Amino acid sequence: MKIRFYPLDFKYKVKDDDVIMYVFAKLESGEKVCLKLNYEPYFYACNIDPKLLAKIALPIEDKVARVTHWEEVEKELVGQKQKFLKIYTNFPKAVPPISKELENWGADCYEKDILFVQRFMRDLGLSALGLAEAQGEFQKDTEMRVPVFIAKKIKPADLSSEQKLRILAVDIETYAPTHYIEMEKNPVLMIALSGEDEQGKSFRTLLTWKRFKHDLEYIEVVDDEEELLKRFREVIVDYNPEVLFGYNSDNFDLPYLQIRAKKYGLHLDFGWDRSEIEIRREAKISGILHLDLYQFIRNIFGKNMKTESFSLDNVAFELLGHRKHKADISKLYSAWDEEQEKLEEYCKYNMHDAELTLKLGQKLFLEMLEFARTTGLPLFDTIRMSFSKLVESFIMKKAIAAQVLAPNKPTEYEIERRRGETYEGGFVYEPKPGLYNDIVVLDFRSLYPSIITAHNIGPEGLRCECCTEKKVPGMEAYWFCTREKKFIPSLLEELINKRAQLKKALKTKKGQDNRILEARSLALKMLANSFYGYLGFFGARWYCLECARSTTAYARNYIKDTLRKAESSGFTVCYSDTDSCFLLLGEKSLDEAMVFMKAVNKDLPGQMELDFQGYYPKGLFVGAKGTEKGAKKKYALLTSEGGVKITGFETVRRNWSKISKEVQEQVLHLVLEEKTLDALTYVQKVVKELKAGKIPIEKLVVKTKITRDLERYTSVGPHVAVARKMQEKGYPIYPGMLIEYVIVKGSGIVRERAKMVEEVKEGEYDAEYYIHHQLIPAVSSIFAVLGYSEENIFSESSQTGLGKFFG
DNA sequence: TCCCAACGGGG
DNA sequence: GTGTACGTTGGGA
């Protein structure tokens with residue numbers, strides 16, 4: 001019979017002489033199914049006499065690794081077509097020792113370290129939650145929690161629709177008297193579960209093992225930790241989720257639960273095949289797709305975010321607009337022991353974390369899925385990958401159809417060599433410090449990707465014999481084939497074109513639910529933007545430093561060429577960084593700038609394009625500290641709407657007080673609006689208020705992170721001094737905590753005058769400190785551009801006549 | 001200055 | 001599991 005299904009996850013088992021792939025899936029009807037299919041492991045080799053293969057018998061564990069059969073195939077390796085032996089082995093783990101043995105005999109072996117499940121998916125063309133069909137029969141199997149289908153053949157099916165899934169998020173709270181997490185020692189106190197079924201019905205349960213007064217309908221109390229874990233297992237088995245979300249659950253929640261269960265001899269065996277949670281570097285449950293959102297965000301999606309920390313609080317705030325429930329988690333242990341009336345708050349905290357995790361999972365699910373589909377790997381693996389692996393997986397998926405063999409991973413020695421190789425990056429024009437009028441910013445859209453595709457940059461076409469005349473600018477030894485499109489650049493071109501099509505489709509479908517297309521577009525964009533970095537990444541299989549070098553060399557050439565053209569067309573260049581040109585209009589009009597842009601575009605090859613990025617009536621470029629030179633990557637622009645775009649000014653550093661950020665921003669605003677005198681007056685007003693003690697303490701708070709235990713600090717900064725005082729007063733202090741403090745008046749060095757915020761009386765702060773360490777550094781470079789020195793602005797003996805403000 | 005270990009997230 | 005992240009930071013040598 002034939003079934004149609006959506007694969008969720010995969011694993012394989014070796015039974016006697018069979019290698020069986022398990023596909024955990026959902027049937028079109030919504031029922032669960034586990035498909036079993038035999039699949040053979042293999043790798044490729046050349047420079048070996050096939051007669052030798054039959055003799056191989058290497059003992060591994062309790063088995064003997066053998067070659068079962070082999071065939072001759074033609075494949076392309078870095079542009080060279082060649083014959084290889086495709087060598088099949090009797091089980092997956094036999095591949096590494098056998099290939100090593102062949103290498104000892106002088107053979108070259110390839111694709112000998114491809115994870116078996118990934119190999120299977122790619123070869124069959126399956127994709128995560130993409131409809132597939134199988135021929136075979138259902139089989140009686142009491143070992144499994146779900147029906148088993150013995151498949152003879154599996155292949156992808158055409159039509160695929162969005163599948164509703166039964167999802168669950170988990171979060172635990174534990175007994176933690178110190179900052180150190182000791183899973184063996186301290187019990188789990190609460191487990192919050194928040195889920196949603198296929199019909200959109202929500203599910204909430206919080207399990208705990210202490211009785212206390214509360215009004216929360218979702219709390220279920222058991223007798224002790226052992227009962228808690230038993231009940232947890234029951235709830236999961238009953239609810240039967242397809243996807244389990246967690247936040248750092250690979251390294252915290254699931255290992256914690258597993259370790260505690262082991263202590264009582266309990267088995268958290270909720271896998272479809274009744275297997276337990278497998279804790280390795282990640283936590284895997286057979287059949288239940290465990291997605292640790294922290295992994296996806298840290299590895300992949302975070303590249304697209306502003307937050308500097310990937311704590312649940314920050315991430316939820318940026319993506320969902322909600323923060324965590326406020327509660328001091330470091331006191332949960334004492335509340336548990338002594339103040340049970342406080343436990344209700346901790347239950348709310350726990351449940352809220354689980355709910356945030358569920359919402360994050362729902363918000364990011366399509367993105368995760370699109371990355372998995374583009375790379376052709378299981379969702380479980382995809383979200384835990386770094387970008388280089390993602391790019392590589394995409395290339396390897398495409399390699400199958402192109403009959404391309406993956407080059408080997410670099411050896412340790414080769415990695416060391418590659419790490420030593422450096423090259424020149426983008427061109428940055430050193431700006432002349434000053435305030436400029438009428439700036440037009442043009443930038444190359446996706447500069448590096450478009451250069452790679454336009455010039456066929458890839459390892460296969462490097463120094464090809466047929467087209468030696470077109471050298472990379474400034475790189476006489478580098479040239480790329482112009483005759484035929486090569487593998488790597490053609491993949492990138494495909495990504496870019498697909499995304500362009502998607503964008504077009506999105507435009508015509510405005511107002512509809514386009515979340516899938518948008519997620520796909522994001523995945524394509526992020527992958528395309530990573531190709532250049534991948535080619536220069538030391539760990540890459542398709543590493544090609546010449547390619548990375550050539551890409552930036554072309555980029556420098558194009559940008560300099562554009563700047564030259566701009567100058568000869570009557571514009572003045574005021575700044576440029578990698579892919580952008582800042583041009584002063586002078587006597588010219590905006591229209592003329594557009595004409596110039598179009599003229600440049602006419603000469604650009606392939607997908608390269610210069611875009612209009614914006615027009616700015618004013619722009620400020622400051623000098624680099626302690627030099628005559630202009631600072632690179634540091635400027636402020638005034639938009640036509642009156643807004644200010646700030647780049648590179650350190651307004652967001654947290655060890656700057658609010659007042660210095662505020663003053664810097666305001667000064668930039670005023671200066672850009674040509675109200676320099678107002679800016680001066682404003683600064684002087686703030687100085688006066690500071691001196692008069694009128695600035696609210698809240699704006700003077702400086703925040704610094706504690707990075708280790710307090711006794712381990714050799715140099716005691718103000719934040720450490722304050723943290724020590726706090727500790728003496730009984731505040732819990734642990735690494736990672738942000739210490740907030742204010743510098744107050746008095747004698748002695750700064751750290752002796754650093755105080756906890758709540759202890760600072762109004763007007764007690766040290767105005768001089770804030771003027772010299774916060775205000776001056778924030779604005780001096782700005783005023784310097786306009787010809788005012790620090791003394792001019794701040795000193796009482798100033799000749800500008802403004803000193804009177806400081807009396 | 002170099003090298004190695006720890007960290008991130010989680011309680 | 002056809003396996004061992006990764007880039008940064010800070011202490012100690």
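In this text, all values refer to a predicted model and were calculated from it rather than measured experimentally. Note on naming: letters A, B, ... go to the chains in the order of the sequence lines (proteins, then strands), and numbering restarts at 1 for each one.
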DNA chain C contacts among residues 95-103 of chain A, heavy-atom distance under 4.0 Å: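 Here the set is Val95(A), Pro96(A).
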Nearest-neighbour nucleotide for the Tyr247(A) side chain, dG9(B), dG1(C), dG11(B) considered: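 So the nucleotide nearest the side chain must be dG9(B).
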Nearest listed nucleotide, side chain of Lys409(A), among dG11(B), dG1(C), dT4(C):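 Among dG11(B), dG1(C), dT4(C), the one nearest the side chain of Lys409(A) is dT4(C).
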Determine the contact category for [X]: base if any of its heavy atoms lies under 4.0 Å from a base atom, sugar-phosphate if only primed atoms, P, OP1 or OP2 are that close, otherwise nothing.
{"X": "Lys324(A)", "answer": "sugar-phosphate"}
{"X": "Arg384(A)", "answer": "nothing"}
{"X": "Asp353(A)", "answer": "sugar-phosphate"}

Lys NZ or Arg CZ of Arg298(A) over Phe310(A) ring: under 6.0 Å, within 45°: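 No cation-pi geometry.
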Aromatic Phe24(A) / basic Lys11(A) pairing, under 6.0 angstrom, 45° off normal: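 Negative - Lys11(A) is either too far from the ring of Phe24(A) or too far off its axis.
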Within 6.0 Å of NZ in Lys262(A), more than 12 heavy atoms from elsewhere: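 No - once you tally the heavy atoms of other residues, nucleotides and ligands closer than 6.0 Å, there are 12 at most.
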More than 12 heavy atoms from other groups under 6.0 Å of NZ on Lys86(A):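 Yes, the 6.0 Å shell around NZ holds more than 12 heavy atoms from other groups.
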Parallel, tilted or perpendicular, as decided by the 30° and 60° cut-offs, for the rings of Phe380(A) and His290(A):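 Ring orientation, 0 to 90° scale: tilted.
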Parallel, tilted or perpendicular: ring planes of Tyr349(A) versus Tyr346(A), cut at 30 and 60 degrees: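 Rings of Tyr349(A) and Tyr346(A): perpendicular, as their planes differ by over 60°.
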Rounded to whole Å, how long is the line connecting atom [atom1] of [X] with atom [atom2] of [N]?
{"X": "Phe252(A)", "N": "dG8(B)", "atom1": "CZ", "atom2": "C1'", "result": "15 Å"}
{"X": "Asp381(A)", "N": "dG1(C)", "atom1": "CG", "atom2": "P", "result": "8 Å"}
{"X": "Ile279(A)", "N": "dT4(C)", "atom1": "CD1", "atom2": "C1'", "result": "17 Å"}

Between Glu111(A) and Tyr42(A): side-chain donor-acceptor atoms closer than 3.5 Å: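 Short answer, no.
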Between Asp253(A) and Tyr247(A): side-chain donor-acceptor atoms closer than 3.5 Å: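 There is no such pair between these side chains.
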Show the distances under 3.5 angstrom between N or O atoms of the protein and N or O atoms of nucleotides 5-7 of chain C.
unit_1 : atom_1 : unit_2    : atom_2 : d
dA5(C) : N1     : Arg298(A) : NH1    : 3.2

Side chain to side chain donor-acceptor pair (under 3.5 Å) involving Tyr333(A) - partner list, sequence neighbours excluded: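 Listed in chain order: nothing, the list is empty.
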Gap in Å between the two C1' atoms, one belonging to dC6(C) and one to dG9(B), rounded: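 Those two atoms are separated by 15 Å.
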Integer angstrom distance from the P of dA5(C) to that of dA6(B):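 16 Å, rounded to whole Å.
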